[in-house]
Amino acid sequence: MTSWADERRIVVTGMGWITPLGHTVDAGWEAMMRGESGVAPLTRFDASVFPTTFASQVTNYDVTKYLKRPECHTHAGLHTRFSLGAARQAWEDAGLDGAEIDPRRIGIYLGAGEGTSDFFGFAKATLAATGADGVVDAATWGRVAHESLSTLGELEQEPNQPLHHIARELGIRGPSFNCLTACAASTQAIGEACSILHAGEADIMVSGGAHSMLHVFGVTGFNRLTALSTRNDDIKTASRPFSRTRDGFVMGEGAGVVILEGLEHALARGATPLAEVAGFGSSADAYRITDIHPEGRGPVAAMRKALDAAGIDPTYTTEAGRMPVDYISAHGTSTAENDSIETLAVKQVFADLSPSIPMSSIKSMMGHLIAAAGVVELITCIKAIEHNTLPPTMNLDDPDPALDLDYVANAPRETPVDTCLSNSFGFGGQNDALVIRRFQE
Amino acid sequence: MSRRVAISGTGTITALGMDLNDLWSAMTQGRSGIAWITRFDPAGYECHAAGQLPADMINIRKLVPKSYRKATKVMCPDIELAVAAADAAIRSAGLTTHGTDPDVEPTIEADRFGCQIGAGLIAVDVEELAPAIVASSDGEGSVDLTTWGPVGIEKVTPLWMLKYLPNMLACHVTIVHNLQGPSNAITGCESSSGLSLGESLRIIRRGDADACLSGGAETRLNLLSLCRQDSVGRLAATEGVEDPTTILKPFDPAAAGTLIGEAGGILVTEAIDSIEARGGTPLAEILGFACTQSCDVGPLAASSDSISDAIAAALDRADTSPDEIDLIIGQGLSIPAIDDEEAAAYIDVFGAREDQPPLVSITPFTGNCGAAHGAIQLAVATRCLQENMIPARLNAATTGAVNGDAAPATSASVSSVLVVSVGQGGQNTATILGEIS
């Protein structure tokens with residue numbers, strides 16, 4: 001565990017998102033303040049008789065208004081288009097449009113997912129190639145697939161395509177990474193982007209994530225894992241983290257991008273720090289592919305490392321009598337396992353103080369943006385600091401009696417917010433946490 | 001001064017064998033692993049050759065603890081390659097983990113051991129999904145989703161999706177060996193391994209781990225991935241070719257395209273203080289790393305300026321100069337438009353051919369190993385440093401631009417090696433390895 005005390009300070013100087021609750025940060029934040037849900041019947045394909053028929057979708061989105069080089073993005077996949085909108089917003093928010101900065105000193109680190117797979121193109125080749133005996137003829141499959149699958153559509157599914165398009169659009173030539181640690185990806189991307197800034201390998205990092213798994217294979221896969229809510233008769237309240245009746249997560253989609261920057265660099269060019277990234281922790285459960293470690297050892301380790309990096313002792317109040325953090329943005333997926341073990345993990349980290357620290361899950365409104373969830377939640381923390389208001393966990397009318405923390409149930413709460421911890425835990429056991437603070441000189 | 005980090009173990013699973021000794025002997029003998037595809041009938045594709053692993057080369061059940069054998073059912077070939085290469089790397093480093101011996105105290109504490117494993121866009125398996133698709137046929141060549149919903153989905157095995165998530169390579173490896181430090185899944189096509197090494201280096205230097213596994217694994221030798229690479233025009237068309245081992249010609253203007261290689265490449269990256277404390281042997285020191293993005297070109301192109309930038313930054317961080325580099329192990333995809341950009345970067349950094357160090361590509365031996373490629377390049381580089389030898393170069397006639405013409409293996413003093421990756425999508429990496437001083 002390493003302290004950030006001696007490192008270059010890192011601030012967020014711009015942010016943007018494209019989400020089911022809005023295409024600007026302010027619109028999304030205000031929707032959450034009203035407790036709105038992004039959930040609706042799934043329209044991306046005919047899911048009317050799927051086990052799950054609904055999702056939290058981005059609607060009425062037009063990428064073209066965010067593009068100065070539209071000719072470079074003609075074939076961009078859906079999540080890449082989301083990421084371009086989020087990146088343009090963040091870029092302009094940070095005052096980088098037209099700024100004269102060496103593009104080699106600007107890097108990008110995304111936690112973006114793979115693109116939308118072409119189920120029907122794949123199915124067409126498979127049907128043509130599968131004989132009455134059920135055996136697939138490879139030669140036929142290859143011949144038909146060359147016609148039924150779009151060459152560029154397949155290429156755009158590579159998980160590094162969002163960063164490719166963003167770099168091209170914005171002129172980024174520095175360090176360039178994409179990670180895909182499932183639901184932890186964009187939190188991990190932001191943490192490691194900070195590490196690149198600490199190492200002096202860039203002055204600005206564009207970071208965040210993008211994902212949409214709202215395609216036939218995506219919904220099929222999560223349905224078979226029984227990870228999705230199947231509350232088809234009450235879809236608006238289906239995402240109900242920490243509730244006794246939670247039955248799985250609601251899949252969302254979207255993108256979020258933040259501009260991370262060394263403080264001195266930001267101030268020298270007249271940028272406004274929106275918040276300071278104060279710590280990051282990363283760990284692996286090393287337990288099972290299908291289950292979180294029952295004591296949450298990976299989440300505990302990630303939270304402790306992030307707090308330690310930020311110089312926060314989670315078991316003591318501050319000199320001013322404040323809690324060690326003012327808010328925890330929960331991973332809070334609304335699955336039975338996550339919400340129980342996350343609660344247990346938070347209790348281990350914050351010990352006796354844990355009941356006094358509010359923790360909520362915006363997935364109750366936003367749905368689960370998978371790889372993009374972490375950055376959207378971090379941006380929400382920054383808005384919480386700006387407004388001294390916590391976003392609620394909606395749909396918590398019937399709390400799980402075994403879960404006894406303060407989940408900011410059903411309504412936003414005004415309270416001083418200076419320091420937040422944002423958790424993201426990936427399927428398979430990769431865990432990440434960030435500490436974000438109000439910027440003070 | 002930042003913490004010194006070395007490579008202390010290598011695991012390379014390629015068409016040329018289960019470890020680096022196999023690959024190295026082929027590379028010194030000038031023996032290619034490229035052959036005609038036999039895994040399936042490639043008649044529906046333009047490209048019929050690849051660096052294909054022999055059937056049954058990996059017995060995955062033997063490579064995991066008994067208690068984990070059941071989990072091998074949810075490993076796709078990419079995951080198996082990662083698990084096999086990780087096992088080889090850990091053993092070659094002389095480390096004990098939960099995976100090599102569950103009853104013995106591990107050499108490195110679990111929370112001080114990280115795992116950064118790169119992955120590709122993993123293809124779903126056609127045969128596995130065929131029953132569900134056939135059962136949902138609309139009778140007109142397509143699928144009816146109102147049948148797929150209640151009927152097709154039920155024919156997909158419950159844990160199906162877990163086989164194909166790119167982070168599962170790292171997740172399985174962390175579970176097998178009980179590695180609880182930072183773990184990541186870097187997805188940058190051919191640059192995945194190089195980027196993973198760069199991240200491991202950063203993590204160890206900042207003190208968040210003492211050792212990390214880094215590298216990648218990928219096979220595109222399946223119906224869907226072959227279609228993707230074939231149709232996008234990266235692969236060589238093989239009609240009329242008599243000897244598949246002559247297809248790959250890195251940096252040669254006459255090259256017709258690349259070929260798929262199946263591989264797992266995992267390295268143990270470890271702080272030198274940790275290696276010394278446990279009495280291990282460092283193979284090569286990681287002196288400098290840098291990566292850049294080629295931003296002004298399309299996803300299938302590269303930019304020499306950005307490759308040059310990566311090399312220049314890596315040299316700078318290694319506190320060395322171009323004339324100190326004894327050998328380059330380049331990407332050399334055998335795609336002229338990309339190789340030309342890479343070659344232009346070497347000319348930019350090192351000058352004219354007579355001033356350049358020898359340029360070697362592993363591609364003609366293994367094929368383009370995608371996410372694993374960089375780690376295999378780095379593993380070969382460690383052996384060049386240790387053996388003071390430049391492996392053979394196959395097939396290429398580079399028309400004088402770079403120092404990479406076909407040549408047999410030769411002895412030479414090799415003290416520092418530059419390893420370069422040029423990935424689809426525009427990510428470039430440069431790593432400088434040096435002999436242990």
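By convention in this document, chain letters (A, B, ...) are assigned in the order of the sequence lines, proteins followed by strands, and residues within each chain are numbered from 1.
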- Checking heavy atoms, do the side chain of B/Leu224, its backbone, both or neither come under 4.5 Å from chain A? both
- Establish, yes or no, whether the cationic atom of B/Arg202 lies under 6.0 Å from the six-membered ring centre of A/Phe177 and within 45° of the ring axis. yes
- Between B/Val297 and chain A, which part of the residue has a heavy atom less than 4.5 Å away: side chain, backbone, both or neither? backbone
- Item | Short side-chain donor-acceptor distance under 3.5 Å, A/Tyr287 and B/Gln180 | no
- Residue, of A/Ser117, A/Ala112, A/Ala185, A/Ser282, that accumulates the most heavy atom pairs under 4.5 Å with chain B: A/Ser282
- Where on B/Tyr68 is there a heavy atom nearer than 4.5 Å to chain A: the side chain, the backbone, both, or neither? side chain
- Measure B/Glu154 against the heavy atoms of chain A and call it side chain, backbone, both or neither at under 4.5 Å. both
- Message: I'd like to know if the side chain of A/Gln430 pairs up with that of B/Asn184 as donor and acceptor (distance under 3.5 Å, no hydrogens or angles considered).
- Response: no
- Are B/Ser196 and B/Ser214 close enough that a side-chain donor and a side-chain acceptor fall under 3.5 Å? no
- Message: With a 4.5 angstrom heavy-atom cut-off, is it the side chain or the backbone of B/Asn428 that approaches chain A, or both, or neither?
- Response: neither
- Can you tell which part of B/Thr157 gets under 4.5 Å to a heavy atom of chain A, answering side chain, backbone, both or neither? backbone
- Of the backbone (N, CA, C, O) and the side chain (C-beta and beyond), which part of B/Ala130 lies under 4.5 Å from a heavy atom of chain A, both, or neither? both
- Message: Donor-acceptor check, side chain of B/Arg317 to backbone of B/Phe289, threshold 3.5 angstrom: yes or no?
- Response: yes
- Task: Under 4.5 Å heavy-atom distance to chain B, tell me which part of A/Ala182 shows up: side chain, backbone, both or neither.
- Result: both
- Message: Before we go on, tell me: are the rings of A/His165 and A/His73 under 6.0 Å apart, centre to centre?
- Response: yes
- Between A/Glu114 and A/His211, is any side-chain donor less than 3.5 angstrom from a side-chain acceptor? yes
- Heavy-atom contact with chain A under 4.5 Å, split by part of B/Pro131: neither
- Message: For A/Ser195 and B/Arg206, which I'm curious about, is there any donor-acceptor pair between the side chains at under 3.5 Å?
- Response: yes
- Query: chain A heavy atoms under 4.5 Å from B/His98: which part of the residue, side chain, backbone, both or neither?
  - Reply: neither
